[in-house]
Every structure is written in C-alpha cells, then in structure tokens.
Amino acid sequence: MTDILLRGRTLSFRRWPEGVDDAASYSYEDDGGVLIRDGRIAAAGTYADVAGSASEGARVIDHRPHLILPGFIDAHAHFPQMQVIASYGAELLDWLNNYTFPEETRFRDAQHGRRIARLFLDEMVRHGTTTVAAYCSVHKESAEAFFAESHERNMLNIAGKVMMDRNAPEALRDTPQSGYDDTKALIAEWHGRGRQHYAITPRFAITSSPEQMEMAGALANEFPELHIQTHLSENDAEIAFTCELYPEARDYTDIYARYGLLGKRTLLGHCIHLSDREADVLSQSGSVAVFCPTSNLFLGSGLFAYQRLRAREKPLRIAAATDVGGGTNYSMLRTMDEGYKVIALQGEKLNPFQSFWQITLGNAEALSLSDRIGTLDAGTDADIVVLDSRATPAMQLRMERAESLAEELFLLQTLGDDRAVKEVYVAGRPAKSDMAIAG
Ligand code: GUN
Ligand code: ZN
C-alpha cells in the first residue's frame, strides 16, 4: 500500500489536561503531518519532519486549514435502537417496555440486523466515531450482523449480544444456558478476528436472573481479557426494582460485584445515583463509569457527577458515550455539548481540552485500548477524524471571533455535528468521502 501523508493542524493528547493552559497535556502542530502506512500511523509531527520520512510517491492529502485528531470513541451505544431515538414521554422502564423491547424483537430477522448494522456504522463514521462499544439485541444473529459489517470496514469495535432471561417479552428472552452458549460461540467466531472485540453483555440486573448472572460471571472468569458491559444506577425506579430482585445484595453495585462482573474491563452505563460505598467499590475494582449525557437528559434520569467522581479521593475511571437510542444524537460533539451543560448544572466546568481528551485518549484509556487508538502516536492504528470549524454559516461567523485553540474547540463542541466532520480515516482508509461516493 502506498503511504498516505495528511497535512493539517494536528491535535493529540498525552494525558488529562488540568486546565486550558496545560499545554504539556497535548501536542498541537499548526502545520502538522500524519504519515499513514499499512493502516497504522508511521509518524506524526511537523509537516516538514513527517514529509521527510514519507516514501517516494506518497499520496499527500492536504486538509489545511482543518484540524486532524484521533477518531472519536463512543463507549456505549445500542445499535438496534436507531429507530427508537425520539420516542416520546417516558422514563427508563416504560421507555424500555413500550418502545425499546418491541423494537429489538425485530432483530430476530438476520436481514434486518444486517441492514441496521450497516446504517449504524455509516452514522458512526459520518459523525467521526471510529470505535464504538455496542450492545446488540438478544439474538445471536444481531451480533453476527454487527461484527460482519464492522470487520468488512476494518473498524475497531467492541460488541456483544445482550443476555436477558426475564422481565422482558418472551421473544426477547434467552436462557442462562443459551445466553452462555451463544456468547461463547460469538467469542470463538469474532473476538480477535481482525480488529473485533467481544464484550460479555448481561443487559442489566433487572433482565438477568441470578442463574444468568452466574453464567455471565463464569464467562468473565473464562475470558478475563474480554470487556464486560452493562447498566448501573440509571434511574430511581430501576434502582428500587433491582434491589427488590436481589434482596441479599447491599446495593445495586454489590450485585455485579457478587457475580464477579466488576474490574478494569467493565463498562457500566450511567452510574448516576451511586452511594459513596458504591463509588468506592467501583474505584477499587477499576471499573469504568460511562457518562451518557444526552440519554440522561432525554430520559430524565439525572445528572452524572463527572467532576465529583473524577476528583474524589478514590477516583472513578470515566468514559463518555451517546447511549443511542436513549441518547439522542450519534455525535460525540453533541454529546460533550450536553455533557458540559450537565456538569454546569452541578456548578462545575469541563474545559474544551478536557472534552476532546475525553472522547479520544480518555475513552481509549477507559477501554484499555490506548496502545491502539485514541492518539496520533506512531505505531497506533490510523483511525483519524478531520474537523472543519467553519462548517456552517453560524460556525463561520463565530470563528471570526475565536482567538485560541481552546475557543475553537469549544465552538466545535457547542455548534458542531456531522457537518463539521470533513473526513474520517479508518485504519488509514478514507471512510467518509468513500461513503458519500457510494451513496
Ligand atoms: N438499561 C437497560 N437497558 C437499557 C437500554 O437499552 N438503554 C438505557 N438507557 N438503559 C438501559
Ligand atoms: Zn445503554
């Protein structure tokens, strides 16, 4: 494959930015270059330096004056819920029962699953997201459809079929044994194939019997390198019902702890109403709390205590995510705009560098994948997004008054969406412009 040499304003984080003046937390080049070779980043830095190491005949793609960043990472989304977004007027449990569960029954049909998987990954790419941790439906076929589509695009994605054996329509229930067997078969078929990662996915404690939770724990034990994803402490009614179903547990978090489901690869959607004890347990186990602002606002679930959980004596690892279709937008820019407001309502701030850290390196670290994605570091995979801060008339006008990189990033987050995503590279291959041509 010929080298590809990108030119533009490059931005990549090294660590959490303490403040807007913390220039040591990131690398920024006004005239930067990224050299892509065999799907990986071979070099990044000033354009002059990087151009020097490109091979003869390298294809130069000039993205000036746009920003070149690592591709965005979405740490929690439900691919079967594309046609659930914008379902009116319900809190979590009614929303699941009235809209989401009926919709997910359609994924018994493998062809439907393939169509939606294709459209879902199209939306991810369109919005600049190159990695997503996705929930599939209960049907094994839905996970097969997702992985086949992801593998064909050579995307690094994480996914799993949800295990759910109670408190759901008959058509959406597996059994402890079939959930275990199907998961194991999917792991054998997909985990480690190309860039695919399997996540053990008990949907949440309400829809899994103690027997199924035990089976999920057994899988976690057999496959300690796998991610585990589930939901925790999203809504008051959910918490009360969960604690009724597991009276022996001290609290919601203790249920997952008892079945061996907490740890450094565990991704817990929401974590809004945690007690101090629960936060301590999550911190000690290294589990990740996943902040889903558009969903939490849309379903009226509550305000995630981002800064409090991050800065406590026993801090939590935090990721950010869309949670489509409880979440209302595919864009990580829109997600962090709403996230900023959720944090502001608690009298705190998240500065623009911290936001962009979160959806790139921060999420990569939360997913334990920062050796592969989340930066422009040489040796990592060439998953890249190109952002146009003047993508709309309103953005263009506001940019006339932006005087710093921090202001530009904040404007991108506040006014930007898929229109600001000029190009996306997946493992070094232009993916957004490709999609537009293919229609
Ligand atoms: N808890 C269990 N399942 C779901 C889901 O699909 N979406 C959200 N937001 N919460 C859940
Ligand atoms: Zn969710």
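When a ligand or atom number is given, it counts from 1 through the structure's own listing order.
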Subject >> Metal proximity, His78 vs the Zn ion (ligand 2), N/O/S cut-off 2.8 Å >> reply: yes
**OP:** Enumerate the atoms of ligand 1 whose separation from the nearest heavy atom of Asp323 is less than 4.0 angstrom.
**Re:** 8 (C), 9 (N)
Original post:
Would one find an N, O or S atom of His231, in either backbone or side chain, under 2.8 Å from the Zn ion (ligand 2)?
Top reply: yes
**OP:** For the residue pair Tyr330 and His127, categorise the inter-ring angle as parallel (less than 30°), tilted (30 to 60°) or perpendicular (more than 60°).
**Re:** tilted
**OP:** Check for a donor-acceptor pair, side chain of Thr266 on one end and backbone N or O of Gly263 on the other, with a separation under 3.5 Å.
**Re:** yes
Original post:
Looking at Thr201, Leu186, Ile200, which one forms a side-chain contact (heavy atoms from CB on, under 4.5 Å) with Lys161?
Top reply: Leu186
Original post:
How does Trp95 reach ligand 1, if at all, at less than 4.0 Å between non-hydrogen atoms: by side chain, backbone, both, or neither?
Top reply: side chain
Original post:
Nearest protein heavy atom to atom 1 (N) of ligand 1, by residue and atom, and its distance?
Top reply: His231 CG, 3.4 Å
Subject >> Proximity to ligand 1 by part of Thr207, non-hydrogen separation under 4.0 Å >> reply: neither
Subject >> Derivation and outcome, salt bridge (charged side-chain N to carboxylate O under 4.0 Å, His left out), residues Arg126 and Asp122 >> reply: CA-CA 6 Å; Arg126 197 191 313 285; Asp122 275 354; 5.0 Å; no
Subject >> Output field: ring centroids Tyr135/Phe79 closer than 6.0 Å >> reply: no
Subject >> Any side-chain heavy-atom pair of Glu104 and Gln81 under 4.5 Å >> reply: yes
Original post:
Within less than 4.0 angstrom of ligand 1, does Glu238 place any heavy atom?
Top reply: no
Original post:
Taking heavy atoms and a distance under 4.0 Å, where does Ile206 meet ligand 1: side chain, backbone, both or neither?
Top reply: neither
Subject >> Output field: ring centroids Phe107/His139 closer than 6.0 Å >> reply: no
Subject >> For atom 6 (O) of ligand 1, the protein heavy atom that lies nearest, with its residue and separation >> reply: Arg203 NH2, 2.7 Å
**OP:** State the atoms of ligand 1, each with its element, that fall below the 4.0 Å cut-off from a heavy-atom position in Phe204.
**Re:** 1 (N), 2 (C)
Original post:
What is the nearest protein non-hydrogen atom to atom 10 (N) of ligand 1, stated with its residue, atom name and distance?
Top reply: Glu234 OE1, 2.7 Å
Original post:
Does CD belonging to Glu152 count more than 12 external heavy atoms closer than 6.0 Å?
Top reply: no
**OP:** Identify, by name, the N, O or S atom of His76 lying closest to the Zn ion (ligand 2).
**Re:** NE2
